[in-house]
Amino acid sequence: MKYDYLIVGAGFSGCVIAERIAGRLGGKVLIVEKRGHIGGNCYDYYNEHGILVHKYGPHIFHTVNRKIWDYLSEFTEWRPYFHHVLAVIDGKTVPVPFNLNSIYKSFPGEYAEKLENILLEKYGYGVKIPILKLRETDNPKLKLLADYIYDNVFYGYTTKQWALKPEELDFSVTSRVPVFISRDDRYFQDEFQGIPLEGYTELFKRMTADENIDLMLNTNYKDISSGIEFETMIFTGPIDYFFDYIHGKLPYRSLEFEFRNVGSEKFQETAQVNYPNDNEYTRITEFKHLTGQKASSTTVAYEYPKEYAEAVNDPYYPIPKAGSHEIYSKYKAEADKLAGKVYFLGRLAEYKYYNMDQAVGVALNLFEKKIIRE
Ligand SMILES: Cc1cc2nc3c(=O)[nH]c(=O)nc-3n(C[C@H](O)[C@H](O)[C@H](O)COP(=O)(O)OP(=O)(O)OC[C@H]3O[C@@H](n4cnc5c(N)ncnc54)[C@H](O)[C@@H]3O)c2cc1C
């Protein structure tokens, strides 16, 4: 059998592009996935206690892009869900991103009111101010607030997450963390938010159900690609691995999840509780909040950031620090030489942190801008 496309990786990038090619163009597609399941890092499954969990960490879908939302809605209904995150600071739980409610939970009432008034007067309601910007203020009360958030919410979490000091990370990461001048405790404000009603894996199954799509699990493409006939490859794995690390290894941060089942209906107040300053883990996620599942027990995941080592754990986050982008640009130049024969798509092949909607977006874009025109 000759395939039009060999697609490496069955995450959002691989499955969206496979679905478009097979469904819209009637192209013959083979997806090769080295793991034993589809869905990439968004994979979910029912564990031995019957609880639906996200194997590679909690995934909440959110987007401002109606086209992406409508596209995915062809394969799933949605459970309306708004993510709420609390952080434990000095034994108190406060909403993050840090907002007006967090201020009232952290400071005495009269002082909190003063801070609220200054913020409202200076910036207005509903505005997000990066903490680093707020730290530059000449208002002593706001400066104190900014330092408090930096020291108690930002610094500990960031150093645990990356094993780097904030100043060693790209400004793009550190400059994003805001104070939200609002009473809105939702973690995201995007227009479209939800969790696939029957889970992510079901969504992926429907996306790859087309008879023009063949799927090979538990297979590293390097072991089989020479024996398979195909026209074009779409590669969604790590770009440095593709080129046998000729320019060195791209740095990644990994994670370890410790799943615990608890014999009560509920474990914590919200789906996610962060621990910026205590413990080795960064956060605890309780999945039933996301899925709305009813059961007499509940499963939580403790999340530990880890150093990435090939063959030991998975590459999760590109490390946004000096040097990473230089290595990537060398691989990108190699990739450009293969234009038209191999497309590099998704978070590992483009060495970018993509949210799910962005991963879907770049795949749809590749289809519309390049594939459909070939
Ligand atoms: C902890 C965590 C939480 C996240 N939470 C959210 C969230 O709440 N909301 C959100 O929008 N986004 C979230 N994301 C981002 C989301 O996971 C990504 O957007 C999405 O997984 C990107 O899809 P992808 O297909 O590009 O990559 P992946 O999902 O990683 O898929 C790539 C696939 O390629 C396979 N592969 C690699 N090498 C080979 C090979 N040699 N041969 C065969 N197959 C190979 C891999 O096994 C993998 O299945 C989160 C990410 C992490 C790490």
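In listed order, ligands and their atoms are each counted from 1. Position 1 is the first residue of the sequence, and the numbers go up from there. Just so you know, these numbers come straight off a predicted model, no measurement behind them.
Classified by interplanar angle (parallel below 30°, tilted 30° to 60°, perpendicular above 60°), the ring pair Tyr328/Tyr351 is parallel.
At a heavy-atom cutoff of 4.0 Å, ligand 1 is contacted by the side chain of Cys42 but not by its backbone. Counting heavy atoms closer than 4.0 Å to ligand 1, residue Val8 contributes side-chain atoms (C-beta onward) but none from N, CA, C or O.
Annotation for ligand 1: atoms under 4.0 Å from non-hydrogen atoms of Tyr241 are 41 (N). In summary, the atoms of ligand 1 found under 4.0 Å from a heavy atom of Leu255, numbered by their order in the structure, are 1 (C). Distances below 4.0 Å separate heavy atoms of Gly11 from the following atoms of ligand 1: 25 (O), 29 (O), 31 (O). Listed by atom number, the atoms of ligand 1 under 4.0 Å from Pro238 heavy atoms are 37 (C), 38 (N). For ligand 1 and Thr236, the ligand atoms under 4.0 Å from any heavy atom of the residue are 32 (C), 34 (O). The atoms of ligand 1 that sit less than 4.0 Å from any heavy atom of Val32 are 43 (C), 44 (N). In summary, the atoms of ligand 1 found under 4.0 Å from a heavy atom of Gly346, numbered by their order in the structure, are 26 (O). Of all the atoms in ligand 1, the ones that sit under 4.0 Å from a non-hydrogen atom of Thr219 are 42 (N), 43 (C).
Residue Tyr56 places no N or O, backbone or side chain, under 3.5 Å from any N or O of ligand 1. Ligand 1 has a nitrogen or oxygen under 3.5 angstrom from a nitrogen or oxygen of Tyr353. Checking only distances, Tyr317 never comes within under 3.5 Å of ligand 1, N or O to N or O. Inclusion of Gly237 in the set of residues having an N or O under 3.5 Å from an N or O of ligand 1 is not warranted.
The distance between the ring centers of Tyr317 and Tyr308 does not fall below 6.0 angstrom. For Tyr81 and His83, the distance between ring centers is under 6.0 angstrom. In summary, the aromatic rings of Phe344 and Tyr331 are positioned with their centroids too far apart to meet the 6.0 Å limit.
Of the options Glu256, Glu280, Glu258, a side chain to side chain donor-acceptor pair (under 3.5 Å) to Tyr304 is made by Glu258 and by none of the others.
A cation-pi arrangement is not found for Arg347 relative to Tyr353, the charged atom failing to lie both closer than 6.0 Å to the ring centre and inside a 45° cone about the ring normal. Note that Lys249 lies in the cation-pi zone of Tyr245, set by a 6.0 Å cut-off to the ring centre and a 45° limit from the axis.
Ranked by closest heavy atom to atom 30 (O) of ligand 1, the top entry among Gln358, Gln193, Arg347, His59 is Arg347.
The side chain to side chain contact (heavy atoms under 4.5 Å, CB included) test applied to Phe82 returns His84, Arg186, Gln193, not counting sequence neighbours.
Side-chain contact, His59 with Asp44: no donor N or O sits under 3.5 Å from an acceptor N or O.
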Cut-off 3.5 Å, no hydrogens considered: what does the side-chain donor-acceptor table look like for residues 13-23, sequence neighbours left out?
{"from": "Glu19", "atom 1": "OE1", "to": "Tyr71", "atom 2": "OH", "distance (Å)": "2.6"}

